[in-house]
Every structure is written in C-alpha cells, then in structure tokens.
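Each remark here refers to the structure printed beneath this line.
Quantities reported herein were computed from a predicted structural model and do not represent experimental measurements.
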Amino acid sequence: ARLVSYSELWQYGASSGPWHTGQSYIFVDLTIEVGDDGDAGPPADDDAAAGTVAAAVAVVTLPAPLTHGELRKLGSPCASEAPRDALGPTHFLPQSPQGRLGNATTSVVVDVGADVVDIRQTGGTYVVVEACGRDSRYLRRVDGTIRFHNPYGELPALYFGFLPFAAFRVVGFAAIVLWFAAVLLQHRQYLVGLHWSILGVSVLAAI
C-alpha cells in the first residue's frame, strides 16, 4: 500500500472527555521501509527525483470515523495536504530523511523521530503514513509505536461508554457476594467445604 492509517476511530480532545479533564495526545515513533514495485524500472543515475525515497506522517482529526474505502479522504502527508473537512489544523510530522533507490537497492528504511501530537478536537483521529516519490513507491513495512492517550487515560474512547455499566455490574456482584456471605454465616453450623469454595470463587470474581 502507498498510504495506510492507524486509529482507535474516536478520540476525545484535551479536557473534553466525559467526567474527566486532562491532556489528550498521540505519541508517534516509527521506522518505515519504503520500496518500489519495479514496474517503472530502476531510476537512471542522473534522475535524482525518480530515485528519491521518503515517507511522511500526519495526524488528522475528522468529524466522524471513516468507513471502508474512504482512505483517500485523509489527504496526502507527502504533499502536506489536509482533508477538507478536518477539525482544526492537521499536524504534519517532519518528513523522514530521504534515501535513494538504485539498481542494487530495492527498498530504503527511513526513520520518523519520536513526536507527541496534542489532540484538541474530539472526533475520528488518524495517524496517516504515506510513501513519497513516484507512483510506484509503496510501504513495505511500518514498525514502531503509536500510542493514543485520551484525557482520562489509555482506554479507547469507543469503550468509555461501557464504564457505567461495568461499575454497576461490579457493585451488583459485590452486593450478591455480601448477601451470600451473610447467609453462610447465619447457617455456618450446616456448611460443608463446597460452600466455602463457592464463596471464595465469588470473591475472586467480584475482584
């Protein structure tokens, strides 16, 4: 692929997450291998532009997550082209050091230095990676770290809405365990080992 994206689909902007205020950011530290599909043949020695290889990375926030097949709506990091409907400014990371393909070189590894991008708008947030150069360039491998951090922590924003249900479940389960323990205490003279085992498993499940 010439262009790929990484996302948790939805991310809260700084100090805008429900119930919490804090910093929202994306940490990016990537090593990118860019290759050439070879259809156009090796670049001539005097064709510096054709042989030049680089990779570009951008962080984009959109009003809503994209659906399948809408990757081109993320713009072009190589051309510093932001999406038309982007929320706030698109952050373009400094382009990687350029390498050069030749007759004996089929791919070039470029490094995108570590960077922290503050997220100020709530929406569908994407890290977009693009291979730069002529059309036959493609991303052979992308390694490294991309970490999404919401104002309340590392939990993806899509799952934040489940927290109230999870809290209700824990409280309800704890109430049942306490009731069961009280019943066991009340009838302790009739208990067998199985009852204590059930209580122990219930406590572990509640934790």
Side-chain angles (χ1 to χ4, degrees), residues 1 3-33 57-71 73-74 87-88 91 93 112-129 139-207:
L3 185 146
V4 298
S5 69
Y6 302 89
S7 177
E8 289 185 347
L9 297 183
W10 192 261
Q11 185 166 0
Y12 291 106
S15 300
S16 63
W19 301 352
H20 291 274
T21 59
Q23 185 181 15
S24 181
Y25 63 85
I26 297 177
F27 172 80
V28 180
D29 185 10
L30 298 177
T31 300
I32 304 165
E33 182 179 359
V57 180
V59 176
V60 177
T61 301
L62 301 176
L66 297 177
T67 58
H68 182 70
E70 295 185 318
L71 196 60
K73 290 186 177 181
L74 293 173
L87 297 177
H91 184 90
L93 278 69
V112 177
D115 199 359
V116 176
V117 181
D118 291 329
I119 305 300
R120 303 192 179 280
Q121 302 286 338
T122 297
T125 306
Y126 295 82
V127 176
V128 189
V129 182
L139 298 168
R140 179 172 289 184
R141 189 178 74 248
V142 179
D143 294 327
T145 301
I146 300 176
R147 185 167 69 245
F148 296 84
H149 185 279
N150 280 279
Y152 50 79
E154 302 288 346
L155 181 70
L158 284 178
Y159 301 123
F160 190 83
F162 292 104
L163 287 183
F165 170 75
F168 175 79
R169 184 181 60 181
V170 169
V171 171
F173 206 100
I176 293 174
V177 171
L178 290 175
W179 170 81
F180 184 64
V183 172
L184 291 184
L185 184 62
Q186 183 179 0
H187 302 281
R188 56 185 177 277
Q189 65 272 27
Y190 306 112
L191 300 183
V192 296
L194 178 62
H195 294 103
W196 296 113
S197 299
I198 294 174
L199 179 62
V201 171
S202 300
V203 171
L204 291 176
I207 296 174

Under 4.5 Å between any side-chain heavy atoms of [X] and [Y], yes or no?
X      : Y      : answer
Val142 : Tyr6   : yes
Leu74  : Leu66  : yes
Phe148 : Pro156 : no
Asn150 : Glu8   : yes

Taking all non-hydrogen atoms of both residues into account, name the closest pair between [X] and [Y] and its distance.
X      : Y      : answer
Gly13  : Pro151 : O-CG, 3.0 Å
Tyr126 : Ser7   : CD2-CB, 3.4 Å
Val127 : Ile26  : CG2-CG2, 3.8 Å
Tyr152 : Ala157 : OH-CA, 3.1 Å

In chain order, what residues pass the side chain to side chain donor-acceptor pair (under 3.5 Å) check against [X], with sequence neighbours excluded?
X      : result
Asp29  : none
Ser16  : Thr122
Ser15  : none
Arg141 : Glu33, Asp143

>> With a 6.0 Å cut-off (strictly less than), is the heavy-atom count around CZ of Phe27, excluding the residue itself, greater than 12?
In response: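 Counting neighbours around CZ of Phe27, more than 12 heavy atoms of other residues, nucleotides or ligands fall under 6.0 Å, so yes.
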> Partners of Tyr25 by ring pair (Phe, Tyr, Trp, His ring centres under 6.0 Å), sequence neighbours excluded?
Replying inline: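 In terms of ring pair (Phe, Tyr, Trp, His ring centres under 6.0 Å), with neighbours along the sequence ignored, Tyr25 is linked to His149.
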> Once you round to the nearest 0.5 Å, how far does CD of Gln23 lie from CZ of Arg120?
Replying inline: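 Gln23 atom CD to Arg120 atom CZ measures 8.5 Å (nearest 0.5 Å).
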>> Here's a test for you: under side-chain contact (heavy atoms from CB on, under 4.5 Å), which of Val117, Asp115, Leu93 qualifies with Val57?
In response: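 So the option named by the test is Leu93.
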>> Please determine whether side chain to side chain contact (heavy atoms under 4.5 Å, CB included) holds for the pair Leu191 and Gln189, giving the CA-CA distance in whole Å, both sets of side-chain angles, and the decisive distance to 0.1 Å.
In response: CA-CA 6 Å; Leu191 300 183; Gln189 65 272 27; over 6 Å; no
Determine all donor-acceptor pairs shorter than 3.5 Å in which one atom belongs to a side chain in residues 196-207; sequence neighbours excluded.
unit_1, atom_1, unit_2, atom_2, d
Ser197, OG, Gly193, O, 3.1
Ser202, OG, Ile198, O, 2.8

> Hey, what's the ring geometry for His187 with Tyr190, parallel, tilted or perpendicular (30° and 60° as the breaks)?
Replying inline: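 It falls in the tilted class, 30° to 60°.
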> With sequence neighbours left out, what residues match Leu3 under side chain to side chain contact (heavy atoms under 4.5 Å, CB included)?
Replying inline: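 Leu3 satisfies side chain to side chain contact (heavy atoms under 4.5 Å, CB included) with Leu71, Arg72, Pro77, Val128, Glu130 only.
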> Tell me the salt bridge (charged side-chain N to carboxylate O under 4.0 Å, His left out) pairs involving residues 61-70, sequence neighbours left out?
Replying inline: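 Listed once each, the pairs are Glu70-Lys73.
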>> Show, in sequence, the C-alpha distance, side-chain angles and deciding distance for Thr125 and Val60, and conclude whether the side chain to side chain contact (heavy atoms under 4.5 Å, CB included) test is met.
In response: CA-CA 6 Å; Thr125 306; Val60 177; over 6 Å; no
> Will you find, in the side chains of Ser24 and Gln11, an N or O donor that is under 3.5 Å from an N or O acceptor?
Replying inline: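 Yes, because at least one side-chain N or O of Ser24 sits under 3.5 Å from a partner of the opposite role on Gln11.
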Report all side-chain donor-acceptor pairs from residues 166-186 shorter than 3.5 Å, counting only partners two or more places apart or in another chain.
none

